[in-house]
Amino acid sequence: VQLQASGGGLVQAGESLRLSCTLPGLTLTTYAVGWFRQAPGKEHNFVAAIAWSREISYYADSVKGRFTISRDSATNTVYLEMNTLKPEDTAVYFCAARRTSPQTMARLPYYSMNYRGKGTQVTVSS
């Protein structure tokens with residue numbers, strides 16, 4: 001199963017975007033589902049994750065207070081609401097899932113995720 005993120009775009013600093021990612025056909029009860037991002041020339045960095053069954057979330061310090069992760073279990077969709085965007089948020093955003101906790105997911109490399117897929121570009125102009 002390859003995941004597909006959507007909702008990216010070009011915005012100005014201070015504006016908002018909402019990303020979404022559907023995880024079709026997966027039973028996610030014991031999974032954390034989250035978002036990573038990759039800026040040009042950089043590695044994938046953890047952004048946020050949520051425990052699917054308990055709605056416990058965890059955020060990178062750089063986005064805490066500005067981004068909110070949520071999920072819809074009826075449609076197996078995870079969302080990332082991004083507010084007060086900054087130019088340093090510019091990156092390709094990827095969703096991923098792994099059988100672990102959100103806090104542990106934050107410490108693991110993107111390529112160790114059980115499920116991952118194509119990203120969506122977010123560009124924030126100053």
Side-chain angles (χ1 to χ4, degrees):
V1 175
Q2 188 172 53
L3 311 182
Q4 176 66 64
S6 62
L10 172 62
V11 297
Q12 293 188 334
E15 294 185 339
S16 300
L17 277 175
R18 188 192 196 203
L19 307 183
S20 63
C21 176
T22 301
L23 300 91
L26 298 179
T27 300
L28 298 166
T29 308
T30 59
Y31 280 74
V33 180
W35 294 89
F36 289 74
R37 65 187 181 187
Q38 185 180 31
K42 301 289 183 62
E43 297 180 348
H44 289 82
N45 288 322
F46 171 82
V47 176
I50 187 167
W52 197 262
S53 62
R54 293 174 294 161
E55 295 195 75
I56 296 172
S57 56
Y58 190 78
Y59 297 89
D61 288 343
S62 58
V63 306
K64 205 172 294 183
R66 299 188 298 122
F67 290 12
T68 302
I69 189 170
S70 62
R71 91 312 182 245
D72 182 344
S73 58
T75 60
N76 263 26
T77 302
V78 62
Y79 301 97
L80 186 68
E81 184 75 33
M82 306 187 294
N83 298 317
T84 320
L85 282 161
K86 304 175 181 180
E88 50 263 44
D89 294 319
T90 295
V92 179
Y93 284 70
F94 301 83
C95 63
R98 176 161 172 142
R99 188 171 288 166
T100 187
S101 70
Q103 294 89 335
T104 299
M105 190 180 201
R107 298 193 298 268
L108 297 173
Y110 173 71
Y111 289 106
S112 74
M113 299 296 114
N114 297 125
Y115 299 100
R116 57 184 189 269
K118 297 182 179 179
T120 185
Q121 176 71 48
V122 172
T123 304
V124 185
S125 63
S126 56

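When atom types are taken as modelled, the side chain of Y59 and the backbone of I69 share a donor-acceptor pair closer than 3.5 angstrom. Put simply, the side chain of S112 gets close to the backbone of P109: a donor and an acceptor are under 3.5 Å apart.
Considering all non-hydrogen atoms of both residues, W35 and A5 come closest at CZ3-CB, 3.7 Å. M105 approaches G34 most closely through the heavy-atom pair CE-N, 3.7 Å. Nearest heavy-atom pair across V78 and C95 is CG1-CB, 4.5 Å. Nearest approach of L23 to A97, heavy atoms of both residues: CD2-CB, 3.9 Å. Between T120 and G8 the shortest heavy-atom distance is OG1-N, 3.0 Å. Residue A91 comes nearest to Q121 through the heavy atom pair O-NE2, 3.4 Å, listed as atom of the first residue, atom of the second, then distance.
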From CA spacing to verdict: side chain to side chain contact (heavy atoms under 4.5 Å, CB included), R99, T30 | CA-CA 6 Å; R99 188 171 288 166; T30 59; 3.2 Å; yes
Does the side chain to side chain contact (heavy atoms under 4.5 Å, CB included) test come out yes or no for L108 and M113, once each step is laid out?
-> CA-CA 8 Å; L108 297 173; M113 299 296 114; 3.8 Å; yes
Residue pair Y58, S101: steps toward the side chain to side chain contact (heavy atoms under 4.5 Å, CB included) verdict | CA-CA 9 Å; Y58 190 78; S101 70; over 6 Å; no
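A heavy-atom distance below 4.5 Å is found between the side chains of N76 and W52. For the pair R37 and V63, the minimum side-chain heavy-atom distance is below 4.5 Å. Side-chain contact between L17 and M82 is present, with heavy atoms from C-beta onward closer than 4.5 Å. S70 is not listed as a side-chain neighbour of E81, based on a closest heavy-atom distance of 4.5 Å or more. A 4.5 Å side-chain heavy-atom check between F67 and D89 finds at least one atom pair inside the cut-off. Between R71 and V33 there is no side-chain heavy-atom pair separated by less than 4.5 Å. The shortest distance between side-chain heavy atoms of Y31 and N114 falls below 4.5 Å. Here the side chains of Q38 and Y110 are not in contact, with every heavy-atom distance at 4.5 Å or above.
A single hydrophobic cluster is seen to contain both V11 and L80, as judged by linkage of ILVMFWY side chains at heavy-atom distances under 4.5 Å, directly or through other members. Neither L19 nor F94 shares a network with the other; the hydrophobic side chains, linked directly or stepwise wherever heavy atoms of I, L, V, M, F, W or Y lie under 4.5 Å apart, form separate groups for each. In the hydrophobic cluster analysis, where Ile, Leu, Val, Met, Phe, Trp and Tyr join through side-chain heavy atoms closer than 4.5 angstrom, I50 is grouped together with Y93.
Using cut-offs of 30° and 60° on the angle between ring planes, the pair Y111 and H44 is perpendicular.
Atom OG of S126 sits about 9.0 Å away from atom CD of Q12, to the nearest 0.5 Å. Taking OG of S16 as the reference point, atom CZ of R66 lies at 10.0 Å (rounded to 0.5 Å).
At most 12 heavy atoms of other shown residues, nucleotides or ligands fall within 6.0 angstrom of atom CD in E43. Within 6.0 Å of the NZ atom in K64, the count of heavy atoms belonging to other residues, nucleotides or ligands exceeds 12.
In this structure, R18 satisfies the cation-pi test against Y79, with its NZ or CZ atom closer than 6.0 Å to the six-membered ring centre and inside 45 degrees of the ring normal.
In the model, T22 has a side-chain atom that pairs as donor or acceptor with a side-chain atom of T77 under 3.5 Å. Side-chain polar atoms of T123 and T90 form no donor-acceptor pair below 3.5 angstrom.
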